[in-house]
Number of protein chains: 2
Amino acid sequence: MGRWEPNARGRLETAALELYLEDGFDQTTVAGIAARAGLTERTFFRHYADKREVLFGGAGFLQDLLVDSVTATPASVAPIDAIATALEHAGTFLQERRAHSLQRQAVIEANPLLQERELIKLARLASALAEALRGRGVTEPTASLTAEAGLAVFRVAFETWVDPAETRELPQVIRDSMAALRTITT
Amino acid sequence: MGRWEPNARGRLETAALELYLEDGFDQTTVAGIAARAGLTERTFFRHYADKREVLFGGAGFLQDLLVDSVTATPASVAPIDAIATALEHAGTFLQERRAHSLQRQAVIEANPLLQERELIKLARLASALAEALRGRGVTEPTASLTAEAGLAVFRVAFETWVDPAETRELPQVIRDSMAALRTITT
DNA sequence: TACAGTGATGACAGCAACTGACATCACATC
DNA sequence: GATGTGATGTCAGTTGCTGTCATCACTGTA
């Protein structure tokens with residue numbers, strides 16, 4: 001029983017995404033996910049805090065990507081530009097995984113509970129970005145405002161990019177959206 | 001049994017807030033809320049979709065307030081200024097109910113699940129504001145970006161205002177934050 | 001080789017959130 | 001006073017999630 005099969009987390013993640021796509025999030029039971037992964041329900045909850053969290057395993061990576069980018073930017077660069085650069089990096093990462101990103105987005109868009117979880121991840125991201133800015137000497141409320149405004153740009157850009165009619169790549173959409181924000185507030 | 005007692009919703013809301021403050025959100029059971037309100041668990045779920053929703057009964061009112069304000073603003077006013085004015089109106093409303101706002105915020109801050117619900121309410125608000133702007137002839141992505149940026153300002157301002165050390169009133173904090181956003185993006 | 005420790009998992013019991021179906025009571029309207 | 005309507009009670013059931021303990025694979029050590 002206790003034999004160690006590789007990739008328990010990975011198998012759970014795959015099984016969950018498949019079932020969420022096939023049957024919908026609500027119709028999928030944790031027992032079903034575990035069964036498809038060849039594990040038990042109890043084991044699922046040892047790897048993920050709840051039924052939703054399994055879709056957000058990669059969120060930490062993206063956050064690190066953004067924070068590292070901000071941290072690596074020279075202090076002479078304006079805060080808003082540091083955030084803009086970081087967002088473009090994240091955009092490149094997501095652009096390279098467009099298919100998976102769209103699949104994931106489809107599942108999330110179909111369920112309000114998943115949207116909540118998505119929003120809290122983005123909120124954490126904003127906090128982390130503000131913290132990174134503070135680490136570079138930016139004071140409040142500029143740090144929080146810049147981070148929040150940057151995330152606002154990211155949200156709008158991402159939503160635009162998800163549209164099948166959109167031909168620009170995500171980093172470009174992000175650049176354009178940031179430019180639009182500057183225009184709006186002028 | 002079926003006798004009609006006034007304010008079933010109101011009684012549930014009061015009972016829930018009291019219990020959330022006394023025992024914490026997690027420790028409070030729906031059965032307990034219903035009992036304190038003199039109702040049954042089943043009836044609770046007839047009025048509120050879930051255990052969290054009872055804290056957000058007034059969200060619809062605030063949304064209407066904001067949307068109406070945007071709609072009433074003459075089309076000659078720049079979108080960002082229309083949003084700014086609307087936010088100040090909402091700020092006045094919340095300032096007048098500061099005690100209740102802080103109580104509610106304390107409960108929400110103490111629980112991640114409630115934070116998620118709060119964020120989705122704000123996201124809906126952003127959508128509604130963008131829609132209102134579109135109704136005034138503003139095109140995408142300016143409408144969404146302006147609404148999202150406005151909400152970003154509101155979030156930061158609200159968080160600042162909640163701080164006991166803060167002496168400014170909410171509308172003023174909002175004005176100052178909006179000015180800060182303009183500075184940042186310049 | 002033997003043995004103790006560690007880590008992942010299974011098995012099982014249980015709580016609480018939430019739902020569906022049906023009965024009941026107060027009230028309004030005819 | 002019959003009849004419909006709306007809010008509530010009652011009850012049974014599903015499912016997300018947790019606590020607890022036993023089991024098995026693997027590791028290090030003597």
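Since we're looking at a predicted model, the values are computed, not measured. Heavy-atom basis, side chains included; hydrogens, waters and symmetry copies ignored. Every chain is numbered from 1 and lettered A, B, ... according to where its sequence line falls, protein lines coming before strand lines.
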Quickly work out the A:Leu39 CG to D:dC24 P distance and round it to whole Å.
17 Å

B:Arg42 has a side chain; which of D:dC17, D:dT8, D:dC11 sits nearest to it?
D:dC11

Measure the distance from CG on B:Leu113 to P on D:dG16 and round it to the nearest whole Å.
15 Å

Considering only D:dT8, C:dG10, C:dA17, which nucleotide approaches the side chain of A:Thr43 most closely?
C:dG10

Go through C:dA11, D:dT15, C:dA16 for me and flag the one nearest to the A:Thr40 side chain.
C:dA11

A:Glu159, CD: over 12 other non-hydrogen atoms inside 6.0 angstrom
no

Atom CG of A:Leu12 to atom P of C:dA8: distance rounded to whole Å?
14 Å

Rounded to the nearest Å, what distance is computed from the NZ atom of residue B:Lys51 to the C1' atom of nucleotide C:dA16?
8 Å

Between CZ of A:Arg9 and P of C:dG7 the distance, given in whole Å, is 17 Å

Steps toward side chain to side chain contact (heavy atoms under 4.5 Å, CB included) verdict (A:Leu55, A:Leu114):
CA-CA 9 Å; A:Leu55 274 176; A:Leu114 292 173; 3.8 Å; yes

B:Phe44 CZ to D:dA7 P, straight-line distance once rounded to whole Å
17 Å

Nearest to the side chain of B:Arg46, which nucleotide is it out of D:dT8, C:dA17, C:dT9?
D:dT8

Going through the distances and angles, do B:Phe154 and B:Ile83 end up as a side chain to side chain contact (heavy atoms under 4.5 Å, CB included)?
CA-CA 10 Å; B:Phe154 182 79; B:Ile83 296 290; over 6 Å; no

What's the closest nucleotide to the side chain of B:Asp50 if the choices are D:dG9, C:dC18, D:dT15?
C:dC18

Do A:Ser144 and A:Glu148 meet the criterion of a side-chain donor-acceptor pair at a distance under 3.5 Å?
no

Can you find a side chain N or O atom of B:His47 that sits less than 4.0 Å from OP1 or OP2 on D:dA7?
no

side-chain hydrogen bond (donor to acceptor under 3.5 Å, both in side chains) with B:Trp161: which of B:Gln95, B:Gln172, B:Glu166, B:Glu169?
B:Gln95

Protein-nucleotide distance (B:Glu41, atom CD; C:dA17, atom P), rounded to Å:
7 Å

Per A:Phe45 side chain, nearest of listed nucleotides C:dT19, C:dA17, D:dT18
D:dT18

Atom CG of A:Asn7 to atom C1' of C:dA8: distance rounded to whole Å?
14 Å

